[in-house]
Amino acid sequence: MSRRIAVLASGRGSNLRALHAFLSRAGAAAPGEIALVASDKPEAGALGFAREHAIPCAVVSGRADAGAEMSALLREHGVDYLVLAGYLRLVPAAVIAAFHGRVLNVHPALLPAFGGRGMYGDRVHRAVLDAGARVTGVTAHFVDEVYDRGAVIAQWPVPVYPDDTVSSLAARVLRVEHVLYPRAVAAVVAGRVRLDAAGRVEGTIAPPSPRAAFTLDDSSDADLAANIDRALDV
Ligand code: GRF
């Protein structure tokens, strides 16, 4: 049975688009469908995308104490999984508790490095550059009550070059987000990767070889997707 996914997004929604495209390409084999897009920002590009594609959408308050409001919305739309895609608010604790192992997020760095409260968007890449890190990456993870703390589902490395700016680095990382995150979401929604009661991830996703990062710029999107597909073969 196709699972119902709600996407929460505060911004432009490029990860929402990537997930939508991935599930559409999978057709009948897709483990789930996007049944709702919700945002705390009425002007979010993600909501515009939802309207264009006739996906039900809603504006939520974004307040951490508005658990009853969000729970009611998710119930109304029969939501099974909550996928955060650039959602800048904490998901209310009541919702996290009710959706144990069914709330996911993508972060544009290798957690636990460069994460936590206030670390989002360009601030993450600025911090990576300021730290002089040579490798950053993408993390798909389960969400708990603390920003960027939940168990890791999948990670992929991305090189940092000496002449990188925030925008060149953000673009290189975003390209990987768009490939890795839909696959991590699909693995969880299909039940191939699970969070157990103790908070451990079952269904190991093989880590990519370090070389994968440094061949990234030479690889086509199809090669990148094939590499990530191989690593996610759980
Ligand atoms: C992405 O970089 C994601 O990792 C982070 O927020 C950004 C959202 O971008 N959580 P978009 O709205 O999906 O384009």
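Just so you know, these numbers come straight off a predicted model, no measurement behind them. Heads up: numbering here begins at 1 and tracks the sequence.
Among all heavy-atom pairs drawn from G101 and Y81, the shortest one is O-CE2, 4.4 Å. Considering all non-hydrogen atoms of both residues, S39 and A44 come closest at OG-CB, 3.4 Å. Between A85 and V7, the closest heavy-atom pair is CB-CG1, 4.0 Å. The two residues E69 and V60 make their nearest non-hydrogen contact at OE2-CA, 3.8 Å. The minimum heavy-atom distance linking P182 with E177 is given by the pair CD-O, 3.7 Å. When all heavy atoms of P42 and D40 are compared, the closest pair comes out as CD-O, 3.8 Å.
Of the possible donor and acceptor atoms, none in the side chain of R172 sits under 3.5 Å from a partner among the backbone N and O of V158. Judged purely by atom type and a 3.5 angstrom limit, D164 uses its side chain to pair as donor or acceptor with the backbone of Y161. R149 places no side-chain N or O within 3.5 Å of a backbone atom of D144 that could act as its donor or acceptor partner.
Of the inter-residue distances, the one linking R192 atom CZ with R183 atom CZ reads 10.5 Å to the nearest 0.5 angstrom. L129 CG to T165 OG1: the interatomic distance, rounded to the nearest 0.5 Å, is 7.5 Å. Atom CD in Q155 sits 5.0 Å away from atom CG in L110 (nearest 0.5 Å). Put simply, CZ on R25 and NE2 on H20 are 11.5 Å apart, with the number rounded to the nearest 0.5 Å. To the nearest 0.5 angstrom, W156 atom CH2 is 5.0 Å from I228 atom CD1. Once rounded to the nearest 0.5 Å, the distance linking CE of M70 with CZ of R75 reads 13.0 Å.
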### Verdict with reasoning, V185 to F22, per side-chain contact (heavy atoms from CB on, under 4.5 Å)
CA-CA 10 Å; V185 170; F22 180 87; over 6 Å; no

### Task
Could you give me the CA-CA distance, side-chain angles and deciding distance for D148 and H141, then say whether side-chain contact (heavy atoms from CB on, under 4.5 Å) is met?
CA-CA 8 Å; D148 298 332; H141 64 100; 4.0 Å; yes

### Query
Checking side-chain contact (heavy atoms from CB on, under 4.5 Å) for the pair L174/V138: CA distance, chi angles, key distance, verdict?
CA-CA 8 Å; L174 192 64; V138 174; over 6 Å; no

### Query
What do the steps show when you test Y181 against V83 for side-chain contact (heavy atoms from CB on, under 4.5 Å), and what is the final call?
CA-CA 10 Å; Y181 196 35; V83 168; 3.4 Å; yes

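The cluster map of Ile, Leu, Val, Met, Phe, Trp and Tyr, joined by side-chain heavy atoms under 4.5 Å apart, puts L111 and L104 in different clusters. Under the 4.5 Å side-chain heavy-atom criterion for Ile, Leu, Val, Met, Phe, Trp and Tyr, L82 and I34 are members of distinct hydrophobic clusters. In terms of hydrophobic clustering, with Ile, Leu, Val, Met, Phe, Trp and Tyr side chains grouped at heavy-atom distances under 4.5 Å, V106 and V193 are assigned to a common cluster. A single hydrophobic cluster is not seen to contain both I96 and Y147; linkage of ILVMFWY side chains at heavy-atom distances under 4.5 Å, directly or through other members, places them apart. I5 and L36 are members of different hydrophobic clusters when ILVMFWY side chains are connected at heavy-atom separations under 4.5 Å.
Residue F99 forms a side chain to side chain contact (heavy atoms under 4.5 Å, CB included) with just one option from V143, V79, D80, V91, and that option is V79.
F49 is not listed as a side-chain neighbour of V37, based on a closest heavy-atom distance of 4.5 Å or more. Contact of the H100 side chain with the L195 side chain is registered, since non-hydrogen atoms from C-beta on lie closer than 4.5 Å. Between V201 and R194, every side-chain heavy-atom pair lies at or beyond the 4.5 Å cut-off.
Ion pairing of D221 with R175 is present here, as a side-chain N (NZ or NE/NH1/NH2) and a carboxylate O approach within less than 4.0 Å. The pair D122-R126 fails the salt-bridge criterion, with no side-chain N (NZ, NE, NH1 or NH2) lying under 4.0 Å from an Asp/Glu carboxylate O.
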